[in-house]
2 protein chains.
Amino acid sequence: MIKNCKLLSFRELGNAELGYLTPLEIGEDIPFAVNRIYYISDVPFTACRGFHSHRKLEQVLICVKGNVKIRIKTYLEEDIVELNNSNYGLYIGNMVWREMFDFSEDAVLLVFASEHYDESDYIKDYNIYLEESKEYFKIVYENDEREV
Amino acid sequence: MIKNCKLLSFRELGNAELGYLTPLEIGEDIPFAVNRIYYISDVPFTACRGFHSHRKLEQVLICVKGNVKIRIKTYLEEDIVELNNSNYGLYIGNMVWREMFDFSEDAVLLVFASEHYDESDYIKDYNIYLEESKEYFKIVYENDEREV
C-alpha cells in the first residue's frame with residue numbers, strides 16, 4: 001500500500017437469523033475523531049469521482065453495499081483498492097490523491113472524515129498536487145532509500 | 001413523534017451523471033459528538049432487532065439503502081417510523097425503547113451513537129424499562145398536561 005494509506009479490518013457480529021452488525025469505536029477502529037460523515041450512492045458505472053487531495057484531512061472509506069474501486073496516488077506511487085466488503089475500510093491520510101470509479105449499481109460508499117468541510121483544505125488541480133506532494137513526501141521517500 | 005425522538009432531514013448534493021452525496025457535519029446535522037458508529041445489513045425480513053433502551057446514549061438512525069421500520073416507545077406513547085430514504089435520519093434520545101423490523105433484503109441501516117459501547121447503559125428487560133420509563137418521563141408528561 002502507498003504511503004499515508006492502509007487497509008483496516010473490522011469485526012462483524014451476528015448470524016444469518018438476525019443479520020450482521022459491524023461496530024466501529026471512534027478513536028479505536030477509526031483512528032481519529034470524526035467531524036464529518038458522508039455517503040455516496042446511485043453513481044453510474046461510467047462515472048468517476050474524487051480527483052482531489054486534502055492537505056490535512058484524514059478519511060476512512062467503507063463500501064457498506066456493493067463495490068467500488070479507489071485509486072490512491074502520491075507523486076511517486078499508485079494503488080488501486082477494490083472495496084467490496086463492509087468489514088474493510090480504506091484509511092487515506094493527508095496529501096494523497098484519490099479517484100473513485102467502477103461503482104456497482106447498488107454501491108453505497110460511506111466516508112468518515114477527521115475535519116469539518118473546509119474548501120481551503122482541498123487540492124483539486126493535479127499539477128498543484130504534484131508540486132505539493134513532492135515537497136511533502138520527499139523526506140519520507142528519502143528516508144526509505146536510506147533504510148534499504 | 002413521541003418524546004425524546006425527532007425526524008432529521010439532510011441535504012443531498014449531486015446529479016444523475018455523478019451520483020449523490022449526503023454530507024453530515026457532526027455537531028450540526030448530527031446533534032452530538034459521535035463516539036460509535038455501526039451498520040446493520042443482511043437482516044431477514046422476518047427478523048426483529050433492538051428490543052432495548054439506553055439510559056444515557058443518543059442515536060441517529062439512517063437507512064442508506066433499502067428500507068426498514070422502527071418502533072419507538074415510551075411507557076405512554078408509541079410510533080412506527082419507516083426509514084426508506086437516505087436523506088432522513090431518526091434521532092432517538094435516551095430512555096426510548098426501540099425495535100427494528102421489516103428490513104428489506106437490500107437494507108443497510110447506519111447508526112451514529114453518542115457514547116462508546118457500555119453494557120451498563122442498556123435496558124433489555126421490558127418490565128424494568130417500563131418502571132424506569134415511568135419514573136423518567138412522569139414529569140415530562142405531567143408538564144404537558146399542565147400546558148393543555
Q. When hydrophobic residues are tied together by side-chain contacts of less than 4.5 Å, even through go-betweens, does B:I80 share a cluster with B:I70?
A. no
Q) Heavy-atom distance under 4.5 Å to chain B: side chain of A:D106, backbone, both or neither? A) both
Q) So, the side chain of B:R36 versus the backbone of A:P23: is there a donor-acceptor pair under 3.5 Å, distance only? A) no
Q. Side chain, backbone, both or neither: which part of B:L110 has an atom under 4.5 Å from a heavy atom of chain A?
A. side chain
(Q) Which atoms of B:I62 are under 4.5 Å from chain A, going by heavy atoms: the side chain, the backbone, both sets, or neither? (A) side chain
Q: Mark yes when over 12 heavy atoms from residues, nucleotides or ligands other than A:E142 sit less than 6.0 Å from its CD; otherwise mark no.
A: yes
(Q) Looking at every heavy atom in both B:A16 and A:P44, which two are closest together, and how far apart are they? (A) O-CG, 3.1 Å
Q. How long is the gap from CD on A:E12 to OH on B:Y39, to the nearest 0.5 Å?
A. 8.5 Å
Q | CG on B:L13 to CD1 on A:I40, rounded to 0.5 Å | A | 10.0 Å
(Q) Assigning hydrophobic clusters by single linkage (Ile, Leu, Val, Met, Phe, Trp, Tyr; side-chain heavy-atom cutoff under 4.5 Å), is B:Y91 placed with B:V34? (A) yes
Q: Quick one: which of A:I30, A:I37, A:N15, A:V111 has the most heavy-atom pairs under 4.5 Å with chain B, could you say?
A: A:I37
Q: Please state whether the side chain, the backbone, both or neither of A:F103 comes within less than 4.5 Å of a heavy atom of chain B.
A: neither
(Q) Tell me which of these, B:S86, B:A47, B:A113, has more heavy-atom pairs under 4.5 Å with chain A than the rest. (A) B:S86
(Q) Return the CD1 to CG distance between B:I26 and A:N35, rounded to the nearest 0.5 Å. (A) 7.5 Å
(Q) Other residues, nucleotides and ligands only: do more than 12 of their heavy atoms fall within 6.0 Å of OH on A:Y88? (A) no
(Q) Is there a path of hydrophobic side-chain contacts, each under 4.5 Å between heavy atoms of I/L/V/M/F/W/Y residues, joining A:F112 to A:Y122? (A) no
Q: Taking all non-hydrogen atoms of both residues into account, name the closest pair between B:Y20 and A:R49 and its distance.
A: N-NH1, 4.1 Å
Q. Honestly curious: do A:F101 and A:L109 fall in one hydrophobic cluster under the side-chain, below-4.5 Å linking rule?
A. no
(Q) Can you tell me which portion of A:E17 sits under 4.5 Å from chain B's heavy atoms? Options are side chain, backbone, both or neither. (A) backbone
Q: Kindly check if the number of other-residue, nucleotide or ligand heavy atoms within 6.0 Å of CD (B:E135) is above 12?
A: no
Q. Do you know which of B:T46, B:L24, B:V108 has the most heavy-atom pairs with chain A at a distance under 4.5 angstrom?
A. B:L24
Q) Transitively linked via ILVMFWY side-chain contacts under 4.5 Å: B:V81 with B:V96? A) yes
